[in-house]
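Only one structure is covered here, and it is reproduced in the block below.
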Amino acid sequence: MSETIKERSLNFVEEIVEADLKSGKHNGRLLTRFPPEPNGYLHIGHAKSICLNFGLAQKYGGGTNLRFDDTNPVTEDTEYVDSIKNDLRWLGFSWTNEMYASDYFDQLFKYAKKLITKGLAYVDDSSAEEMATQKGTPNAPGDESPYRSRTVEENLSLFDGMANGDFAEGSRVLRAKIDMSSSNMLMRDPIIYRIKFAEHHRTGNKWCIYPMYDFAHGQSDSIEGITHSICTLEFVSHRELYDWFLEQLEIFPSKQYEFARLNLTYTVMSKRKLLQLVNEGHVNSWDDPRMPTISGMRRRGYTPKSIVDFCDRIGIQKRDNLIDVSLLEFFVREDLNKTSTRVMAVFEPLKVVITNLPDGVVEPCSLENNPEDLESGHRTVNFTKEIYIEQGDFMKEPPAKYFRLSPGKMVRLKGAYIIQCDEAIENEDGSIKELHCSYIPSSKSGADESGIKVKGVIQWVSATEGIESEIRIYDRLFKVEDPSSEEGDFKEYINENSLEVLTAYVEPSLKDAKPGDRYQFMRNGYFVPDTDFSSKKLVFNKTVGLKEGFKVG
RNA sequence: UGGCUUAUGGUGUAAUGGUAACACAGCGGUUUUUGGUGCCGUUAUUCCAGGUUCGAGCCCUGGUAAGCCAACCA
């Protein structure tokens with residue numbers, strides 16, 4: 001094979017990085033950052049950003065800081081810090097430094113004073129409503145605040161007063177003095193500090209004033225020496241302000257670049273909406289397997305590799321996108337197909353009596369653990385006189401090309417024998433009660449001398465040795481592709497039937513399943529032990545189904 | 001009556017002035033002791049109108065459409 005692997009083309013951020021590296025900017029140093037606010041759990045959209053930021057550093061020999069953007073104590077909590085770090089590690093990334101915007105509160109306070117001293121910031125006593133009016137609209141310029149012309153000395157003293165707790169929450173703010181008629185609303189004297197008598201998860205009660213995002217993020221980047229500060233598209237108009245602060249403060253000129261956030265079909269991706277789903281009980285928790293959170297996907301059975309591969313494939317761009325969830329499912333199937341142990345489970349049992357197998361006989365059968373992995377070995381499953389098969393694997397009057405069981409027809413029981421259906425015993429209502437079949441003794445799997453060729457191979461579970469297990473099957477959370485763009489509230493489009501719980505018979509080996517084990521229930525799908533799993537009560541989550549070929553009806 | 005950003009098959013991503021390609025999805029075939037996997041094949045694409053050029057998805061002009069911006073959120 002002499003195929004030349006075509007070099008993967010660069011996305012626009014990589015092009016910028018390569019150009020900067022080539023031109024010797026920052027002496028070839030590269031430092032990115034992943035800046036979550038600790039007010040919610042990470043989701044698949046964050047994974048895109050994580051793969052970009054950490055991936056860039058890995059590819060070009062730089063570093064990535066994990067920085068918690070914790071400037072709003074009202075919504076933030078250490079619980080979220082821990083979950084974010086846990087998710088990041090699980091995805092397989094390690095950060096250069098663990099940082100907190102709150103570590104810079106002292107420095108930020110000094111920066112604010114510097115701005116005041118330069119005549120570029122002032123304390124404003126206007127109410128929120130008054131300031132909103134002053135702001136104007138995107139189509140009309142704003143008006144200057146009556147407090148805009150306070151002296152440097154007065155501003156300095158008032159700002160100290162704010163920090164000392166002399167003023168009531170909401171009574172005063174510090175604003176940058178820029179341009180009330182700018183076409184960019186963010187440049188119309190943005191608020192940079194507000195009073196909040198709230199306990200911060202790290203600084204406790206040290207502060208009662210907290211910087212706004214725009215007065216914290218760029219400066220934090222600058223303090224850390226971040227070379228490429230990558231964020232999502234809604235921050236494009238913040239860039240002008242970002243640059244303005246760093247320039248006026250005369251500090252390290254980090255640069256901001258923006259890419260389009262990820263949207264996935266049949267789900268929502270904003271933390272606000274996900275929080276609503278949790279708080280209003282539409283799902284059970286942040287790590288509910290239906291959630292697009294990293295923790296939910298982990299519990300659902302997604303692998304880190306499948307998520308990283310997905311992020312790699314969707315690329316980085318500036319246009320809005322809505323990615324088909326089937327692409328995500330492709331990557332998890334691709335990974336799980338190679339790595340998961342094959343086992344047998346029956347969800348809708350139909351009893352089969354093997355009439356020519358004597359009572360009490362137990363016939364050990366050897367089954368491959370994974371045909372895709374020759375190292376995975378074999379296990380023994382016992383064949384007994386009474387077994388269960390899937391109801392759908394028998395039809396009294398089968399359609400054309402139906403390869404499973406029907407009166408007089410044969411199928412192979414996976415890893416065991418070929419059986420023939422001799423008689424279907426019916427209940428009074430005409431439904432099938434059980435099947436009487438005979439097995440072909442010379443057809444044992446691996447030693448088949450019968451010469452019989454059958455097209456159908458089905459899974460089965462011994463009725464005497466199989467064990468019961470709870471199975472949780474998940475469907476898409478929403479009934480429409482893009483709930484956020486539909487009329488009305490997104491919650492009107494919730495799929496009420498996204499969770500189905502049933503009881504199945506599974507082969508005995510699953511009693512020893514452990515968290516993190518991954519299984520393919522043959523001819524069905526991929527399943528993982530849930531966090532509720534115990535050897536006394538087996539609980540499996542369905543990650544994703546196998547691709548379906550032939551469909552009856 | 002503004003500013004900014006974007007526009008390539010059904011979905012997503014390439015093509016960096018020179019044959020519009022790759023993945024997913026779909027469809028068909030083949031292999032198979034999973035109707036899975038693998039392998040092979042196949043359908044379908046440059047928002048519109050002008051312009052520059054030997055040549056335009058790419059450059060220019062003008063439209064159109066979509067997204068973002070008026071939180072003491074990030």
Side-chain angles (χ1 to χ4, degrees), chain A residues 6 8-11 15 35-37 39 69-72 74-76 101 124 127-128 131-142 169-175 182-186 188 191-196 209-210 212-214 216-217 231-240 258 260 265 271-272 313-331 333-334 337-338 342 344 367-368 371-372 401-404 411-416 418 445-446 448 453-459 481 485 520-525 545-552:
Chain A
K6 197 184 167 200
R8 211 37 202 293
S9 55
L10 303 178
N11 63 51
E15 283 179 359
E37 183 189 10
N39 68 345
D69 225 338
D70 54 353
T71 57
N72 184 0
V74 178
T75 57
E76 294 152 6
D124 196 328
S127 68
M131 264 187 274
T133 310
Q134 289 165 21
K135 269 254 165 175
T137 72
N139 291 320
E169 199 165 304
S171 64
R172 288 191 163 94
V173 293
L174 184 68
R175 296 176 79 175
S182 171
S183 58
N184 182 348
M185 298 294 287
L186 284 158
R188 323 243 266 224
I191 295 171
I192 59 183
Y193 260 98
R194 76 286 214 191
I195 299 169
K196 271 184 196 287
I209 58 169
Y210 293 93
M212 298 289 287
Y213 166 84
D214 287 302
H217 200 100
C231 60
T232 45
L233 245 29
E234 62 267 32
F235 290 97
V236 168
S237 52
H238 291 251
R239 189 177 56 232
E240 190 179 357
E258 313 86 12
T265 54
K271 273 197 277 191
R272 200 193 96 249
R313 195 73 195 76
I314 60 176
I316 299 297
Q317 68 302 104
K318 280 176 115 83
R319 52 190 115 113
D320 291 322
N321 58 83
L322 179 60
I323 293 177
D324 198 322
V325 70
S326 66
L327 186 61
L328 223 202
E329 293 175 343
F330 165 79
F331 283 107
R333 281 196 197 98
E334 182 180 62
N337 175 51
K338 294 191 184 98
R342 271 59 171 175
M344 297 196 290
L367 277 92
E368 273 180 307
E372 305 290 322
K401 292 190 180 170
Y402 183 78
F403 300 149
R404 286 104 94 165
V411 284
R412 172 170 295 282
L413 297 175
K414 176 71 188 178
I418 293 172
S445 187
D448 187 352
K453 293 275 177 265
V454 291
K455 279 219 138 179
V457 179
I458 63 174
Q459 78 275 26
E481 279 203 333
S485 74
Q520 184 197 94
F521 288 5
M522 275 195 288
R523 297 211 305 138
N524 189 330
L546 257 25
K547 275 187 78 172
E548 284 187 59
F550 183 84
K551 294 183 193 75
V552 177

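To find a chain, count down the sequence lines: A is the first, B the second, and so on, and within it residues start at 1.
Nucleic acid contact for A:Leu322: sugar-phosphate only, since backbone atoms but no base atoms lie under 4.0 Å from a heavy atom of the residue. A:Asn139 comes within contact range of at least one nucleobase, with a heavy-atom separation under 4.0 Å. Residue contacts for A:Val173: at a heavy-atom cut-off of 4.0 Å it reaches a base atom on one of the strands shown. At the heavy-atom level, A:Thr71 lies under 4.0 Å from the strands shown only through sugar-phosphate atoms. Using a 4.0 Å heavy-atom cutoff across all strands shown, A:Arg272 reaches no nucleic acid atom at all. Among the heavy atoms of the strands lying under 4.0 Å from A:Glu372 is at least one base atom, whether or not backbone atoms are also near. Using a 4.0 Å heavy-atom cutoff across all strands shown, A:Phe521 reaches no nucleic acid atom at all.
In this entry the distance linking CD of A:Glu234 with C1' of B:C73 reads 12 Å, nearest Å. Rounding to whole angstrom units, CD of residue A:Gln520 and C1' of B:G35 are separated by 13 Å. Atoms NZ (A:Lys338) and P (B:G38) sit 8 Å apart, rounded to a whole Å. The interatomic distance linking A:Lys414 (NZ) with B:U37 (P) rounds to 15 Å, in whole Å. Regarding A:Ile314, its CD1 atom lies at a distance of 16 Å from the P atom of B:U11, rounded to whole Å. B:A71 atom C1' lies 10 Å from atom NE2 of A:His238, rounded to whole Å. What separates CG of A:Leu327 from P of B:C22 is a distance of 17 Å, to the nearest Å.
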What's touching nucleotides 44-48 of chain B from the protein side, N or O pairs under 3.5 Å?
none

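The shortest distance between side-chain heavy atoms of A:Thr265 and A:Leu322 falls below 4.5 Å.
Comparing the same atom, C1', in B:C47 and in B:A7 gives a spacing of 7 Å after rounding to whole Å. To the nearest whole angstrom, the two P atoms, one in B:A23 and one in B:G50, are 35 Å apart.
The phosphate of B:G35 (OP1 or OP2) has a side-chain N or O of A:Arg523 nearer than 4.0 angstrom. Look at A:Lys318 and you won't find any side-chain N or O under 4.0 angstrom from OP1 or OP2 of B:U13.
By the 5.5 angstrom centroid cut-off and the 30-degree plane limit, A:Phe403 is classified as stacked against the base of B:G35. By the 5.5 angstrom centroid cut-off and the 30-degree plane limit, A:Phe550 is classified as stacked against the base of B:G35.
Of the candidates B:A70, B:G12, B:G36, B:G12 carries the atom nearest the A:Asn321 side chain, counting heavy atoms from C-beta on.
Not a single donor-acceptor contact under 3.5 angstrom links the side-chain atoms of A:Arg333 to the base of B:C24. Contact of A:Glu240 with B:G3 (side chain to base): no donor-acceptor pair of N or O atoms is detected under 3.5 Å. In the interface, the side chain of A:Gln317 is not paired with the base of B:U6 through any donor and acceptor atom under 3.5 Å apart. The base of B:U33 is paired with the side chain of A:Arg412 by a donor and an acceptor separated by under 3.5 Å. Under 3.5 Å, the side chain of A:Glu368 and the base of B:U33 form no donor-acceptor pair of N or O atoms. Remark: the A:Arg319 side chain and the B:G67 base include no donor-acceptor N/O pair separated by less than 3.5 Å.
Every residue two or more places apart in sequence or in another chain was checked for a side-chain hydrogen bond (donor to acceptor under 3.5 Å, both in side chains) with A:Asp320, and none qualifies.
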